[in-house]
Colleague: 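Next up is a structure, given as structure tokens.
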Amino acid sequence: MFDFTTIARDLTTHARAGEFTTPHGTLLTPVFAPVGTQSTVKTLTPRDLREVGASLVLSNTYHLYLRPGTERIRNFGGLHAWMGWERPMLTDSGGFQVFSLAQMRKLDADGVTFRSHIDGSLHRFTPESAVQSQENIGADIIMCLDECAEPLDRRYNEEALGRTHAWAARCLNAKRRPDQALFGIVQGGIFNDLRVHSARTLSAMDFPGYAIGGLSVGETKEQMYQTLDHTIPELPPHRPRYLMGVGAPEDIVEGVARGIDIFDCVLPTRVARNGGLLTRQGRLNMRSARYAEDPLPVEVGCDCYTCQNFSRAYLRHLFKAEEILGLHLATLHNIRFMMRLMSDIRAAILAGAYDQFRSEFLAYYQVPDQAVRHAQLESRKQKKQQ
RNA sequence: GUGGCCAUAGCUCAAUAGGCAGAGCAUCUGGUUGUGGCCCAGAAGGCUGUGGGUUCAAGCCCCACUGGCCACC
């Protein structure tokens, strides 16, 4: 169980195609996992997910711990039975919430105390409890409790890294179930020496897979890519590599070129709920007036249910009218887009032509303006802290 | 018919004592990376119902008109 086999390796990049076996099926890598934080990929049924070709879904320990509680999920036969998804699943440990809910938690050497965003109550997470919760939930792949730090803050990353490593060892030690793979998580912000140190420290612990965390959380794309360039060579080649929280289509294409096997990201589902529809040309904003009379499908040539049956004009209407169906149709398309992207990526690797695929993809895919993006993320972050 | 109140952005409303006419929603354009369908950034939008008057200066004060609401015949 949890064998990872490399089937093909690209000649000019570090891209690789592989197979990763889990108790609920074999993952063909590179693979993208849609995010179902609260044991549901928002607006989609498991049947929808199967139909668009999803093979792996991510859920979140912190959110499920708060509601409905991990023991309830265990009592219902585990996460697969609970949510009606029979294929592989992955749970994040709650480490990301150390970052995303930074105003609502207190850290110490032993663990982290969260104040619930639901009712304000206090909840203690330790490496041992995070593993216990994930054993209750029962995903195929589970994650160490880590500390996702501000990527540009060197001092903070140095300090946090010690905790992340100590916690990784404690998670490994606390783990009991043999039918779950526990992944270690490399941290270290954008600092190459910290990343190398982290990758080596965790590699020595011999995890069945390795994640790279702490990226796509405020640094630039260039900083993320160069961090990957320095981190991935330090990870054991015979284990799957998982880039957490990434990402945008262009970041996945770049991540694969650097040797990443597994991705997860809320982006396709979240932007879908705000009218952002993914195509090979880039993102279409379906709220825009320019689609009011547009009879074309979201993406010409797409085989998804949305594109096969509805016009851009109809989708725009659903968004303007705030109809629930718009969220569903947009999410369905975006996940199908991601699945087609991943299978095209895999096919290119198997054909030994990934470098060409990458340059063609990037030539056509229009990436959002990064200056605008960063300016807006900053103002959003500042508002949040007030 | 008489009296009173009201009229400001597409909508609902602000504007100290007469001193550069604003907000929310709607509209338009962006953004969202281990998720709160949340949220964030920006833009456009005004002869202040009409016509006169007072004043250096009027959304604000005065007169008439038009339209609406209320009360009383």
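In this text, all values refer to a predicted model and were calculated from it rather than measured experimentally. Naming: A, B, ... by sequence-line order, numbering from 1 per chain. Both backbone and side-chain heavy atoms feed into the values below; hydrogens, waters and symmetry mates do not.
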Colleague: Would you check if the side chain of A/Ser116 reaches a backbone N or O of A/Ile118 as a donor-acceptor pair within less than 3.5 Å?
Modeller: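 Confirmed, A/Ser116 side chain pairs with A/Ile118 backbone.
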Colleague: Is any side-chain N or O of A/Thr269 under 3.5 Å from a base N or O of B/U35, one able to act as donor and the other as acceptor?
Modeller: yes
Colleague: In whole angstroms, how far is the C1' atom of B/U29 from the CD atom of A/Gln366?
Modeller: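 Interatomic distance, CD of A/Gln366 to C1' of B/U29: 14 Å.
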Colleague: Show, in sequence, the C-alpha distance, side-chain angles and deciding distance for A/Tyr210 and A/Phe183, and conclude whether the ring pair (Phe, Tyr, Trp, His ring centres under 6.0 Å) test is met.
Modeller: CA-CA 5 Å; A/Tyr210 294 87; A/Phe183 280 26; 7.7 Å; no
Colleague: For the pair A/Asp10 and A/Arg16, find out whether any cationic side-chain nitrogen is under 4.0 Å from an anionic carboxylate oxygen.
Modeller: no
Colleague: Nearest nucleotide by nearest heavy atom, which residue falls closer to the 5' end of RNA chain B, A/Ile324 or A/Arg283?
Modeller: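 Looking at RNA chain B, the more 5' nearest nucleotide goes with A/Arg283.
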Colleague: Tell me: CD of A/Gln187 to C1' of B/G34, nearest whole Å?
Modeller: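 It is 10 Å, rounded to the nearest whole Å.
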Colleague: Determine the contact category for A/Ile185: base if any of its heavy atoms lies under 4.0 Å from a base atom, sugar-phosphate if only primed atoms, P, OP1 or OP2 are that close, otherwise nothing.
Modeller: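 The answer is base, as A/Ile185 lies within the cut-off (heavy atoms under 4.0 Å) of a base atom.
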Colleague: Provide the distance between the two C1' atoms, one in B/A58 and one in B/A15, to the nearest whole Å.
Modeller: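 To the nearest whole Å, 14 Å.
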Colleague: Sticking with atom C1', work out how far B/A23 lies from B/G49, rounded to a whole angstrom.
Modeller: 22 Å
Colleague: Once you round it to whole Å, what is the distance between P of B/G30 and CZ of A/Arg287?
Modeller: 8 Å
Colleague: So, does the side chain of A/Gln370 form a donor-acceptor pair with the base of B/G30 at under 3.5 Å?
Modeller: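 No such pair is found, so the answer is no.
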Colleague: Distance between the C1' atoms of B/U48 and B/A21, in whole angstroms?
Modeller: 8 Å
Colleague: How far does the C1' atom of B/A7 sit from the matching atom of B/G46, given to the nearest Å?
Modeller: 15 Å
Colleague: Calculate the interatomic distance between A/His374 atom NE2 and B/C40 atom C1'; express it in whole Å.
Modeller: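 So the NE2-C1' distance, A/His374 to B/C40, works out to 15 Å.
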Colleague: Whether the side chain of A/Lys221 and the base of B/U33 hold a donor-acceptor pair under 3.5 Å is what I'd like checked.
Modeller: yes
Colleague: Between B/U29 atom P and A/Leu284 atom CG, what is the distance in whole Å?
Modeller: 13 Å
Colleague: Please classify the nucleic acid contact of A/Gly214 as base, sugar-phosphate, or nothing, using heavy-atom distances under 4.0 Å.
Modeller: base
Colleague: Looking for any heavy atom pair under 4.0 Å, which part of the strands does A/Arg290 touch: base, sugar-phosphate only, or nothing?
Modeller: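 Sugar-phosphate contact only - A/Arg290 comes under 4.0 Å of backbone atoms but never of a base.
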Colleague: For B/A17, give the paired nucleotide (Watson-Crick: N1-N3 plus N6-O4 or O6-N4; G-U: N1-O2 and O6-N3; both under 3.5 Å), or none.
Modeller: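 None - no nucleotide pairs with B/A17, as no candidate has both distances under 3.5 Å.
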Colleague: With respect to the side chain of A/Arg373, which nucleotide from B/C28, B/G37, B/G31 is positioned closest?
Modeller: B/G31
Colleague: Which part of the nucleic acid, if any, lies within contact of A/Val246, taking any heavy atom under 4.0 Å across all strands shown: a base, the sugar-phosphate backbone alone, or nothing?
Modeller: base
Colleague: With both distances under 3.5 Å as the test, what is the Watson-Crick or G-U wobble partner of B/G67?
Modeller: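 Base-paired to B/C6.
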Colleague: Counting side-chain heavy atoms from C-beta on, which of B/C28, B/U29, B/U35 comes nearest to A/Arg316?
Modeller: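 The answer is B/C28.
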Colleague: Thinking salt bridges, do A/Asp229 and A/Arg195 make one under a 4.0 Å N-O criterion?
Modeller: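 Salt bridge: no.
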Colleague: On the nucleotide B/G36, are OP1 or OP2 found under 4.0 Å from the side-chain N or O atoms that A/Lys42 carries?
Modeller: no
Colleague: Among B/G30, B/U33, B/G34, which is the nearest nucleotide to the side chain of A/Phe96?
Modeller: B/G34
Colleague: Check A/Arg340, A/Arg336, A/Arg280 against A/Glu299 for a salt bridge (Lys or Arg N to Asp or Glu O under 4.0 Å) and give me the one that passes.
Modeller: A/Arg340
Colleague: Quick one: does A/Asp146 reach the base of B/G34 with a side-chain donor-acceptor pair under 3.5 Å?
Modeller: yes
Colleague: With a 4.5 Å heavy-atom cut-off, do A/Met338 and A/Pro34 have their side chains touching?
Modeller: no
Colleague: Given the P atoms of B/C28 and B/C13, what is the spacing between them in whole Å?
Modeller: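 24 Å, rounded to whole Å.
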Colleague: Give the rounded distance in Å between these two atoms: CG of A/Leu267 and C1' of B/U32.
Modeller: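 For the pair A/Leu267 CG and B/U32 C1', the rounded distance is 7 Å.
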Colleague: Please check if the side chain of A/Gln97 supplies one atom and the backbone of A/Tyr62 the other of a donor-acceptor pair under 3.5 Å.
Modeller: no
Colleague: Whom does B/U55 pair with, Watson-Crick or G-U wobble, provided both distances fall under 3.5 Å?
Modeller: none
Colleague: Does a side-chain N or O of A/Asn285 approach OP1 or OP2 of B/G30 to a distance below 4.0 Å, or not?
Modeller: yes
Colleague: Between A/His63 and A/Asp251, name the one whose nearest nucleotide on RNA chain B is closer to the 5' end.
Modeller: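 Result: A/Asp251.
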Colleague: Within the structure shown, what part of the strands sits under 4.0 Å from A/Gln97 by heavy-atom distance: base, sugar-phosphate, or nothing?
Modeller: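 Touches sugar-phosphate only.
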Colleague: My understanding is that a pair needs two contacts under 3.5 Å, Watson-Crick or G-U wobble. By that rule, which nucleotide pairs with B/C60?
Modeller: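 Pair assignment: B/C60 / none.
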Colleague: If the P atom of B/C62 is compared with that of B/U55, how far apart are they to the nearest Å?
Modeller: 16 Å
Colleague: Rounded to the nearest angstrom, tell me the gap between atom CG in A/Asn334 and atom C1' in B/U33.
Modeller: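 After rounding, the reported distance stands at 13 Å.
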Colleague: Atom OH of A/Tyr65 and atom C1' of B/U35: how far apart are they, to the nearest Å?
Modeller: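 Distance, rounded to whole Å: 20 Å.
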Colleague: Does A/Arg273 make a side-chain donor-acceptor contact with the base of B/U35, cut-off 3.5 Å?
Modeller: yes
Colleague: Can you tell me the Watson-Crick or wobble partner of B/U35, both distances under 3.5 angstrom?
Modeller: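 Per the H-bond distance test, none.
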Colleague: Could you work out the separation of B/A14 and B/U32 based on their C1' atoms and round it to a whole Å?
Modeller: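 These two C1' atoms come out 33 Å apart once rounded.
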Colleague: Using purine N1 to pyrimidine N3 plus N6-O4 or O6-N4 for Watson-Crick, or N1-O2 and O6-N3 for G-U wobble, each under 3.5 Å, what pairs with B/A43?
Modeller: B/U27
Colleague: Side chain of A/Asn274 only, heavy atoms from C-beta on: which candidate in B/U27, B/G31, B/U35 is closest?
Modeller: B/G31
Colleague: So does A/Glu254 pair up with A/Arg358, basic N to acidic O under 4.0 Å?
Modeller: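 Looking at A/Arg358 together with A/Glu254, the answer is yes, because their closest N to O distance falls below 4.0 Å.
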Colleague: Considering only atom C1', compute the distance from B/G30 to B/G34 and round it to an integer number of Å.
Modeller: 26 Å
Colleague: Where the side chain of A/Ala248 is concerned, which of B/C39, B/U33, B/G34 is the nearest nucleotide?
Modeller: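 Looking only at side-chain atoms, A/Ala248 lies closest to B/U33.
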Colleague: Could you tell me whether the side chain of A/Asn285 and the main chain of A/Arg287 form a donor-acceptor pair under 3.5 Å?
Modeller: yes
Colleague: Answer with base, sugar-phosphate or nothing: what part of the nucleic acid does A/Leu58 contact at a heavy-atom distance below 4.0 Å?
Modeller: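 Sugar-phosphate contact only - A/Leu58 comes under 4.0 Å of backbone atoms but never of a base.
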